[in-house]
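Since the structure comes first, as structure tokens, the remarks are kept for the end.
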Amino acid sequence: MMDAAAQQARHYPIAVLAGDGIGREVMPPALEVVESVAHTFGFSVDWVEYPWSCEYYAETGAMMPADGIDRLSEQKAILLGAVGDPSLPDHLSLWGLLIPIRRAFDQYINLRPARLMPGVESPLRNTDRGIDIMVVRENSEGEYSEVGGRMFRGTPEEFAVQEAVFSRRGITRVVTFAAELARKRRSRLTSATKSNGIIHSMTFWDEVFREVMVGYADVDAQLMHVDALAARFVSHPHDLDVVVGSNLFGDILTDIGAVIVGSMGMAPSANLNPEGRHPSMFEPVHGSAPDIAGRGVANPIGQIWSAAMMLDHLGETEASEAMMHAIHTVLGDSDIRTPDIGGTASTSEMASAVLQSLPQRTEPVTA
Ligand code: NAI
Ligand code: MG
């Protein structure tokens with residue numbers, strides 16, 4: 001039995017931004033998979049699709065309309081494919097859509113799992129003990145700031161200054177989030193630092209990290225310089241559990257994370273506003289892949305996995321787990337895979353295999 005209020009709470013209007021290139025190819029299968037688990041687990045989704053993309057820019061001169069953020073704010077979450085097209089400089093598409101969304105909705109956590117899935121080959125040799133790293137990247141300040149400028153353009157004296165911004169509040173909240181997450185996993189937290197070379201902001205980062213971790217005596221916490229940590233991703237990936245890093249360090253470490261687990265095409269990510277005051281955004285780590293766009297061979301797993309993270313965030317944990325289980329089944333028990341992970345399957349063949357591995361509802365769920 002479920003009352004009307006509970007039913008209402010399990011209805012999710014979701015903003016869908018497929019974007020450009022393979023974003024448009026991997027989005028439809030992800031929506032289909034979510035619709036299937038929604039049916040099975042008794043909740044409903046309403047896709048609110050927006051055409052905002054580089055094509056939209058070519059028509060209107062902007063990546064999204066002036067009231068874009070307001071329109072998104074009415075939805076429970078945002079599912080994004082990828083944006084980017086060779087016809088438009090990348091900083092325009094990024095700063096015209098993704099960064100404004102992350103900032104307006106205070107999505108200060110960027111969560112990026114790097115998990116080696118069954119049946120997928122890592123480029124590393126020693127993976128017997130598996131790879132299951134969760135990178136928590138600071139997503140609202142740090143090195144990706146707008147503070148700075150350029151002077152004496154075009155002269156030999158020309159220079160550029162870009163300030164990195166670290167606040168006590170910003171560091172505290174990202175480290176706290178990572179520590180809580182570590183508690184629910186293997187209770188290890190590694191913080192990416194560089195306080196030997198970057199003596200103001202990174203020593204501050206370390207200080208606040210230590211302060212927060214006083215409250216988490218049960219979590220095995222360590223600080224590691226980001227260069228050594230990058231090497232560790234390659235030499236001892238199984239020793240890492242949760243890794244927390246600044247905006248730049250997190251960005252770099254997660255690309256290493258994505259390749260050591262087999263393919264860019266499988267890596268998911270979540271841009272979270274953990275308090276739920278604003279919608280969070282879920283997107284694969286990969287871009288629009290113009291080199292393979294239009295051929296129907298993009299791996300849809302990164303997009304499907306991102307949608308599973310969205311359901312988990314919305315509280316639909318069982319449905320999210322069912323999606324992850326289906327991905328495991330297809331990769332572990334079948335040889336259906338797209339070319340990026342050594343197969344010949346198309347996007348839709350791989351997506352159908354995931355759909356067919358989902359649990360089906362056996363009895364009607366009625367009020
Ligand atoms: P990319 O991730 O699009 O492609 C890198 C390589 O990985 C390519 O060889 C591509 O074919 C392959 N790849 C990526 N996703 C795949 C998938 N699902 N299945 C199979 N292979 C896959 O990165 P790139 O080439 O640097 O950027 C292309 C465009 O995407 C640029 O305009 C860039 O700005 C944009 N971009 C957008 C992002 C976003 O929307 N969040 C993130 C990264 C890049
Ligand atoms: Mg990146």
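As the structure lists them, so they are numbered: ligands from 1, and atoms in each ligand from 1.
- When the options M281, E283, R295 are ranked by their closest heavy atom to atom 41 (N) of ligand 1, first place goes to E283.
- Heavy-atom separations between V297 and ligand 1 are all 4.0 Å or longer.
- Ion pairing between a basic and an acidic side chain is recognised when a charged N comes within 4.0 Å of a carboxylate O; D239 and R129 show such pairing.
- Near I22, with a cut-off below 4.0 Å to any heavy atom, the atoms of ligand 1 are 15 (N), 16 (C), 17 (C), 18 (N).
- Those atoms of ligand 1 with a heavy atom of L98 less than 4.0 angstrom away are 39 (C), 40 (O), 41 (N).
- Contacts between P86 and ligand 1 below 4.0 angstrom, taking non-hydrogen atoms only, are absent altogether.
- Taking 4.0 Å as the cut-off between side-chain N and carboxylate O, E316 and R10 count as a salt-bridged pair.
- Proximity of T338 to ligand 1 is not established, as no heavy-atom distance is less than 4.0 Å.
- Enclosure of atom CD in E121 is not indicated, since only 12 or fewer non-hydrogen atoms of other residues, nucleotides or ligands lie within 6.0 angstrom.
- By the 4.0 Å N-to-carboxylate-O rule, E283 lies close enough to R102 to be salt-bridged with it.
- In this structure, of G84, A293, G287, S288, the residue bringing a heavy atom nearest to atom 29 (C) of ligand 1 is S288.
- The residues E55 and R24 are annotated as salt-bridged, a charged nitrogen and a carboxylate oxygen being separated by less than 4.0 angstrom.
- Considering V261, L229, V234 in turn, V234 is the only one that fulfils the side-chain contact (heavy atoms from CB on, under 4.5 Å) rule with I256.
- The aromatic ring centres of F282 and H313 sit less than 6.0 Å apart.
- Using modelled atom types, no side-chain atom of N110 and backbone atom of S269 make a donor-acceptor pair closer than 3.5 Å.
- Backbone and side-chain nitrogen or oxygen atoms of A289 are examined, and one is located within less than 3.5 angstrom of a nitrogen or oxygen of ligand 1.
- Taking a cut-off of under 4.0 Å to the non-hydrogen atoms of D90, the atoms of ligand 1 that pass are 31 (C), 32 (O), 33 (C), 34 (O).
- Judged by distance alone, with hydrogens and angles left aside, the side-chain atoms of T338 form no donor-acceptor pair with the main-chain N or O of A298 at under 3.5 Å.
- Any N or O atom pair closer than 3.5 Å counts here, and N299 shares at least one such pair with ligand 1.
- Those atoms of ligand 1 with a heavy atom of P290 less than 4.0 angstrom away are 28 (C).
- Close contacts of ligand 1 with A82, meaning ligand atoms under 4.0 Å from a residue heavy atom, involve 40 (O).
- Counting atoms of ligand 1 from 1 in the listed order, those under 4.0 Å from a heavy atom of A298 are 19 (N).
- R173 and E141 are not joined by a salt bridge, as no carboxylate oxygen comes within less than 4.0 angstrom of a charged side-chain nitrogen.
- Counting the atoms of ligand 1 from 1 in the order shown, those under 4.0 Å from a heavy atom of D85 are 32 (O).
- Not a single heavy atom of L88 lies less than 4.0 angstrom from ligand 1.
- Residue contacts with ligand 1 for L94 are absent, since no atom lies close enough (heavy atoms, distance under 4.0 Å).
- Between D46 and K76 no salt bridge is recorded (no basic side-chain N to carboxylate O distance below 4.0 Å).
- Taking any N or O of V26, backbone or side chain, none lies under 3.5 Å from an N or O belonging to ligand 1.
- Against a heavy-atom cut-off of under 4.0 Å, D291 is close to the following atoms of ligand 1: 8 (C), 9 (O), 10 (C), 11 (O).
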